[in-house]
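Accompanying notes for the structure given below.
The chains referred to below are lettered A, B, ... by the order of the sequence lines, with proteins before strands, and numbering in each begins at 1.
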Amino acid sequence: MVPLNWYLMLSAAVFSIGVFGFLTRRNIIIMFMSVELMLNAVNISLVAFSHYLQDLRGQVLVFFIVTVAAAEAAIGLAIIIALFRNKATAHVDDMNEMKG
Amino acid sequence: METNGMGFPILSTLIFLPVAGAVLLLLIPRSKEALIKAVALCVSILAFVISLPLFTAFNKATHAMQFVERQAWIPAWNITYFLGLDGISILFVLLSTLVTILSILISWESIKNKIKEFYISILILEGAMIGVFCALDFFLFYIFWEAMLIPMYLLIGVWGGPNRVYAAIKFFLYTLVGSVLMLVGIIVLYFHAGRTFDILDLATRTYPYQMQLWLFWAFFAAFAVKVPMFPVHTWLPDAHTEAPTAGSVILAAVLIKMGAYGFLRFSMPLFPEAARAMTPVMLTLSVIAIIYGAVICLAQTDLKRLIAYSSVSHMGFVTLGIFALNTQGLEGGILQMINHGIVTGALFLSVGVIYDRTHTRQIADYGGVASVMPVYSSLFIVFTLASIGLPSTNGFIGEFLILLGGFTANQLAGVLAATGIIIGAGYMLWLYQRVFFMETNAKVTGLADVNMRELVTLLPMVILVFWIGIYPDTFLGFMHESVRHLIERVNTGGAPGASAIAKTVTEILQ
Amino acid sequence: MNYYLLIPFLPLAAFLINILFGKSLLKENAHWVAILAVAGSWVISVATLIDVTGGKTLNQDLYTWVSSGGFKASVGFLIDPLTAVMLIVVTTCSTLIHIYSTGYMHGDNGYYRFFSYLSLFTFCMLMLVMANNFLQLYFGWEGVGLCSYFLIGYYFNKKSASDAGKKAFIVNRFGDFGFGIGIFMIFLTFGNIYYEPVFSQAGAFATKTVNFLGYDVHLMTLIALLLFCGSIGKSAQMPLHVWLPDAMEGPTPVSALIHAATMVTAGVFLVARCSPIFSLSETALMVVALTGAITSLFAATIGLVQNDLKRIIAYSTVSQLGYMFLACGVGAYTAGVFHLYTHAFFKALLFLCAGSVMHAMSGELDIQKMGGLKKHMPVTYATMLIASFSIAGVPGLAGFFSKDEILWLAYSGPSPVGKFVWLIGTFVAFLTAFYSFRLIFLTFHGTFRGTHEQEHHLHESPKSMTIPLMLLCIGAIASGWVGIPPLLHGGAHFTEFMKPVLGHPEGHGTHAEEWMVMAISVAVGLSGIGLAWFMYVKRRDIPVKLAEQFSGFHKILFNKYYVDELYSLIIVRPTIWIAKNVLIGVTDARIIEAIVNGVPAAIGGFSRQLRKVQTGFLHHYAIIMAAGALIIMGLMLMRSW
């Protein structure tokens with residue numbers, strides 16, 4: 001039996017990779033993938049806890065997250081495509097319309 | 001629900017009839033301009049007619065609230081829908097309904113764009129104004145108080161002169177800053193008194209002196225801006241100058257009365273000790289306003305701006321009378337509020353009449369109007385004379401009582417304020433001379449005299465000027481009991497042993 | 001109701017009819033309404049006088065005008081000998097001047113307007129003299145001031161006329177300022193503003209002092225002087241005399257009615273009416289006497305060198321009003337009122353004659369351009385001559401009796417300044433005679449000095465104008481006969497009639513002294529006339545030489561001691577300068593507006609800085625978010641430890 005801690009460490013590692021990727025990369029697609037990594041890191045820990053505590057609610061939550069992530073991916077990618085069409089770039093530094 | 005003795009909720013009708021009228025206007029297609037105007041006029045006349053029974057059915061022998069309507073509204077917070085009138089507020093309701101008719105009439109031809117929205121604003125404004133004077137629940141009062149701001153803001157900002165946006169925002173911010181402080185005050189009172197917004201109930205309690213002082217100043221912020229007292233008066237000239245005629249008229253006649261009304265209805269009965277303690281400050285500010293406003297008028301070159309500054313001076317008289325804290329001062333002050341509404345309202349109406357013809361407000365562009373428009377000149381001189389307080393016009397009665405009261409309360413204040421009357425004669429007659437006398441300016445030759453509509457607009461004001469001037473008892477009679485009650489409260493409210501400043505002049509004599 | 005009430009309300013009705021329908025209906029017939037009304041008032045006034053002589057008085061309230069707390073004032077009427085005399089003066093002059101105006105104002109396009117103002121004036125003046133309380137007095141007081149404003153500025157297209165009207169009103173306001181405060185003091189003292197209780201209780205306060213603006217002052221002196229402020233303004237005494245000469249911009253009948261016979265004497269009436277108060281304060285009486293004396297001297301000296309026909313008479317009015325105050329100030333209220341009453345006739349007559357001359361001269365007013373008019377206008381000449389004799393104090397005429405009464409009581413009365421003001425009064429009598437006859441000689445004698453066109457146009461005025469002149473002339477001759485002193489075997493009826501209201505000081509002097517005073521006043525009057533004849537008929541070169549010799553003094557006199565210029569320099573201009581440069585320029589614009597506009601600007605500036613944090617770069621937000629998350633995690637970890 002794999003101990004719970006291992007799962008959690010995996011989850012933390014994946015999450016950190018996601019955070020690091022989100023903060024350091026400038027390509028919007030890669031940043032988007034990093035966000036997905038973070039989401040899935042959370043999923044891993046949820047499943048792990050669910051199994052550990054023998055409580056199905058954690059798994060149910062994961063399904064929700066997967067669904068939401070799917071929707072988010074669809075919309076997010078659509079936005080990215082729209083942006084790319086307008087700006088002809090996927091570099092986030094070029095997208096500073098919201099600057100104060 | 002309590003009954004009001006009228007058989008129907010007259011105050012609610014008065015408040016919501018104009019609002020309903022505004023809704024009705026919404027339904028009329030914007031192309032039917034004549035219909036829009038007619039409906040607006042009819043609604044305002046109807047409101048006036050409905051308000052007339054107040055005048056006749058009012059029981060002058062009591063200070064109690066009359067025509068009371070009371071209904072739980074938001075029970076969870078103990079908020080009630082509570083309306084009523086007493087001798088202090090009743091005349092303002094009548095003034096509001098009358099002035100609305102006149103403002104609609106005077107705008108008949110001068111407003112050409114967004115007609116529908118214009119009349120909707122005016123009607124909603126009317127409802128809110130009446131609401132302010134009737135409300136006896138703080139929550140309800142505050143709603144009306146703020147609701148009034150929006151249509152006025154639109155009137156100035158949309159239909160105003162070239163610099164209208166600046167003036168409108170200035171007006172809005174000035175008033176809002178004051179009102180927010182008042183809101184804080186209201187909330188403090190609410191919790192201190194054990195969760196009630198009932199103004200009448202609140203006005204019978206005793207509050208710690210320190211708290212009274214803080215709250216007095218919080219309320220002062222709201223009311224002083226509205227009056228406007230020196231030094232928070234600078235929004236008024238801009239607002240008046242930029243506002244369309246109807247806006248100036250309503251502003252002068254009713255809106256700026258709410259500040260002084262607030263002092264009477266809230267500051268004094270709620271915080272009697274603080275009011276007494278702050279009397280010297282208030283008298284000083286009033287005297288400064290009187291002289292300051294009057295002297296500034298001497299250097300004005302713009303008709304509306306001059307009248308606006310004269311309002312600062314005249315409202316200084318009102319606050320002087322109110323804070324003289326004696327019968328003559330208070331009654332004079334209240335009467336002078338009405339007078340100022342009539343006279344300054346009429347002056348703005350008159351300026352509107354000639355502005356419609358010449359489209360200039362510069363005094364230098366006029367001259368010799370008396371030979372071109374004799375009837376108009378006669379009407380204008382009546383208002384001019386009322387403004388400088390000539391006996392037999394309403395201005396005299398008010399100013400005399402105020403000065404008598406003020407002099408009794410503080411000789412120096414009375415004497416200094418009386419100089420305002422000299423300067424007042426100076427700037428008004430000089431204005432009249434430059435506009436109506438001397439050689440006829442080329443810009444005014446061939447102007448048509450007042451037409452029927454304009455005559456009908458100005459005539460009620462002329463009648464009121466003389467009515468109050470010659471037989472003021474009709475109006476003073478409403479106040480006696482309420483003022484007596486108010487003075488009693490200011491005198492005896494608060495901790496025992498506090499110095500009793502407020503009394504009638506005869507009491508001082510004995 | 002009493003028929004006396006019709007006296008003021010008839011003219012009011014005429015005013016309303018004329019102002020409402022004059023333009024559209026009455027037009028050229030506007031004068032009928034006005035004349036009928038004022039003549040009606042006159043008839044009732046005469047009836048009233050007869051009633052009052054029979055001992056009847058009236059004190060009746062019509063209705064409560066203002067009532068607030070303990071303060072009450074009504075529209076009410078008091079009829080006593082003083083009122084009755086004033087009623088006669090006002091309605092007689094008013095009626096005659098109304099009639100005169102039909103000729104004088106004929107063809108003016110504001111005909112109905114003129115008559116409606118006259119009616120309104122008459123109404124206000126009657127309300128003033130009939131009042132039984134101070135507030136109604138104040139109503140009439142301001143009301144006549146208003147009519148004066150309208151009528152001075154009657155030719156409103158002329159800048160000078162509208163300026164003069166405005167000036168009159170505002171200068172009067174300065175006086176009314178004190179008057180108003182006087183009323184407040186009366187109310188605070190007596191708790192009442194009705195004459196009857198006030199005057200009857202005044203004695204109780206005779207020695208009381210009161211704190212006024214931080215100073216302890218004698219109560220009755222204070223009240224009397226405050227009331228006197230009003231008199232100074234209305235009766236054009238120093239230092240508020242400046243409006244009256246300018247008021248001559250109005251049509252001449254107006255000058256006669258308002259600025260000679262009636263309104264300007266309201267100040268004297270006020271002092272006489274309040275004599276119970278004034279009599280309690282020696283200081284106040286002294287101030288009144290000295291003000292009157294100095295003003296009469298001051299105005300008479302100016303009158304010596306003016307060339308404007310009406311202005312000379314105006315300065316003469318100021319001077320004569322000073323005379324009346326002089327009388328009141330030495331306690332001789334009856335003499336003051338007596339002079340008021342005779343003066344009304346001869347001064348109104350002088351003005352109307354001046355109007356008649358103007359009529360003939362097509363509006364010319366410069367007496368240097370006249371001369372030799374007596375053959376063209378005999379009636380005007382004769383009446384004006386009699387009026388001038390009367391004002392110069394030629395024995396037998398009205399002015400003689402009243403002036404003599406004043407001088408005698410000043411000389412013999414108890415007043416500490418009595419002798420001094422008598423001296424001034426006598427000297428002024430000389431000056432008065434001189435300038436009055438300078439006017440006569442320059443206007444009517446010698447040769448005509450105007451243009452040919454004017455000379456061709458010279459004519460006597462129409463009947464409607466000359467008949468009032470003749471009627472007034474009777475007054476100028478005979479009105480003094482009711483007050484012939486016992487010394488001349490007269491009954492002094494006037495004094496006896498007035499005694500119940502005004503009291504009367506007994507002169508302390510011998511018959512010889514009385515003869516002497518009379519002789520001196522007659523002598524100076526005659527020598528004034530003689531000197532005028534010598535300088536302006538016999539030796540016409542002397543005045544020019546004198547003016548050259550004393551050019552500095554002449555200039556000062558000619559420019560009326562530069563009082564107008566002084567006021568402009570110390571009051572009018574600084575006030576406007578302060579308004580423009582201090583109040584608007586600094587307080588409003590630099591201080592209040594700086595704060596009002598500054599606070600939003602500061603908030604805006606701050607937010608403009610703060611906005612820079614919002615870079616728009618996604619990773620900046622991300623880093624801040626991550627850093628925030630880390631800090632929160634760190635804090636939580638720290639707490640759990």
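- Heavy-atom distances place both the backbone and the side chain of C:F212 under 4.5 Å from chain B.
- The greatest number of non-hydrogen atom pairs below 4.5 Å with chain C, out of B:L401, B:L476, B:N410, is found for B:L401.
- Taking chain B as the reference chain and counting heavy-atom pairs below 4.5 Å, the highest number among C:D176, C:V75, C:D163, C:I578 is found for C:D163.
- Between atom CD of residue B:E331 and atom OG of residue C:S67 there is a gap of 7.5 Å, rounded to the nearest 0.5 Å.
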Query raised in the report: Between C:Y149 and B:L390, does a side chain to side chain contact (heavy atoms under 4.5 Å, CB included) hold up when you go through it step by step?
Result: CA-CA 12 Å; C:Y149 165 77; B:L390 195 91; over 6 Å; no
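- In this structure, the portion of B:I381 lying under 4.5 Å from any heavy atom of chain C is its side chain and not its backbone.
- Ring geometry for C:F184 against B:F407 counts as tilted: the plane angle lies between 30° and 60°, on a 0 to 90° scale.
- Centroid-to-centroid, the aromatic rings of C:F139 and B:F396 stay 6.0 Å apart or farther.
- Atoms CZ and CD1, on C:R173 and B:I422 in that order, are 8.5 Å from each other to the nearest 0.5 Å.
- By the 6.0 Å contact criterion, CD on B:E439 is open, its count of non-hydrogen atoms from other residues, nucleotides or ligands being 12 or less.
- Contacts of C:I183 with chain B are made by side-chain atoms alone, with heavy-atom separations under 4.5 Å and no backbone atom involved.
- Counting only heavy atoms from C-beta outward, the side chains of C:I576 and B:W430 approach each other to under 4.5 Å.
- When side chains are defined from C-beta on, B:F400 does not count as touching C:Y138, because their heavy atoms never get closer than 4.5 Å.
- The side-chain heavy atoms of C:N597 and B:Y166, taken from C-beta on, include a pair separated by under 4.5 Å.
- Here the CZ atom belonging to C:F71 is positioned 12.5 Å from the OG1 atom belonging to B:T327, to the nearest 0.5 angstrom.
- The most heavy-atom pairs under 4.5 Å with chain C, out of B:Y292, B:Y309, B:Y471, come from B:Y292.
- Expressed to the nearest 0.5 Å, how far CD of B:Q433 lies from NZ of C:K167 amounts to 12.5 Å.
- Note: B:T419 leads B:L173, B:L330, B:T419 in heavy-atom pairs under 4.5 Å with chain C.
- Judged by distance alone, with hydrogens and angles left aside, the side-chain atoms of C:N157 form a donor-acceptor pair with the main-chain N or O of B:M438 at under 3.5 Å.
- Note that NZ of C:K166 and CE of B:M428 are 13.5 Å apart. Values are rounded to the nearest 0.5 Å.
- For the pair B:D473/C:Y63, no side-chain contact is recorded, criterion being any heavy-atom separation below 4.5 Å from C-beta on.
- Between chain B and the residues C:N109, C:L146, C:T575, the most heavy-atom pairs under 4.5 angstrom are made by C:L146.
- Neither the backbone nor the side chain of C:S160 comes within contact range of chain B; no heavy atom of the residue lies under 4.5 Å from a heavy atom of that chain.
- For the set B:I423, B:V232, B:L385, the entry with the most heavy-atom pairs within less than 4.5 Å of chain C is B:L385.
- Judged by distance alone, with hydrogens and angles left aside, the side-chain atoms of C:W65 form no donor-acceptor pair with the main-chain N or O of B:P472 at under 3.5 Å.
- For the residue pair C:F177 and B:V415, the shortest heavy atom distance occurs at CE1-O, 3.3 Å.
- Aromatic ring orientation, B:F437 versus C:F156: parallel (interplanar angle below 30°, classes split at 30° and 60°).
- Of the two parts of B:F475, neither the backbone nor the side chain holds a non-hydrogen atom closer than 4.5 Å to a non-hydrogen atom of chain C.
- Within the 4.5 angstrom heavy-atom criterion, no atom of B:P237 approaches chain C.
- Proximity of B:F230 to C:I592: side-chain heavy atoms (C-beta onward) are separated by under 4.5 Å at one or more points.
- Contact of B:L429 with chain C is made through backbone and side chain together, with heavy-atom distances under 4.5 Å.
- No other option in C:L135, C:T64, C:I19 has as many heavy-atom pairs under 4.5 Å with chain B as C:L135.
- In this structure, no portion of B:S378 lies under 4.5 Å from any heavy atom of chain C.
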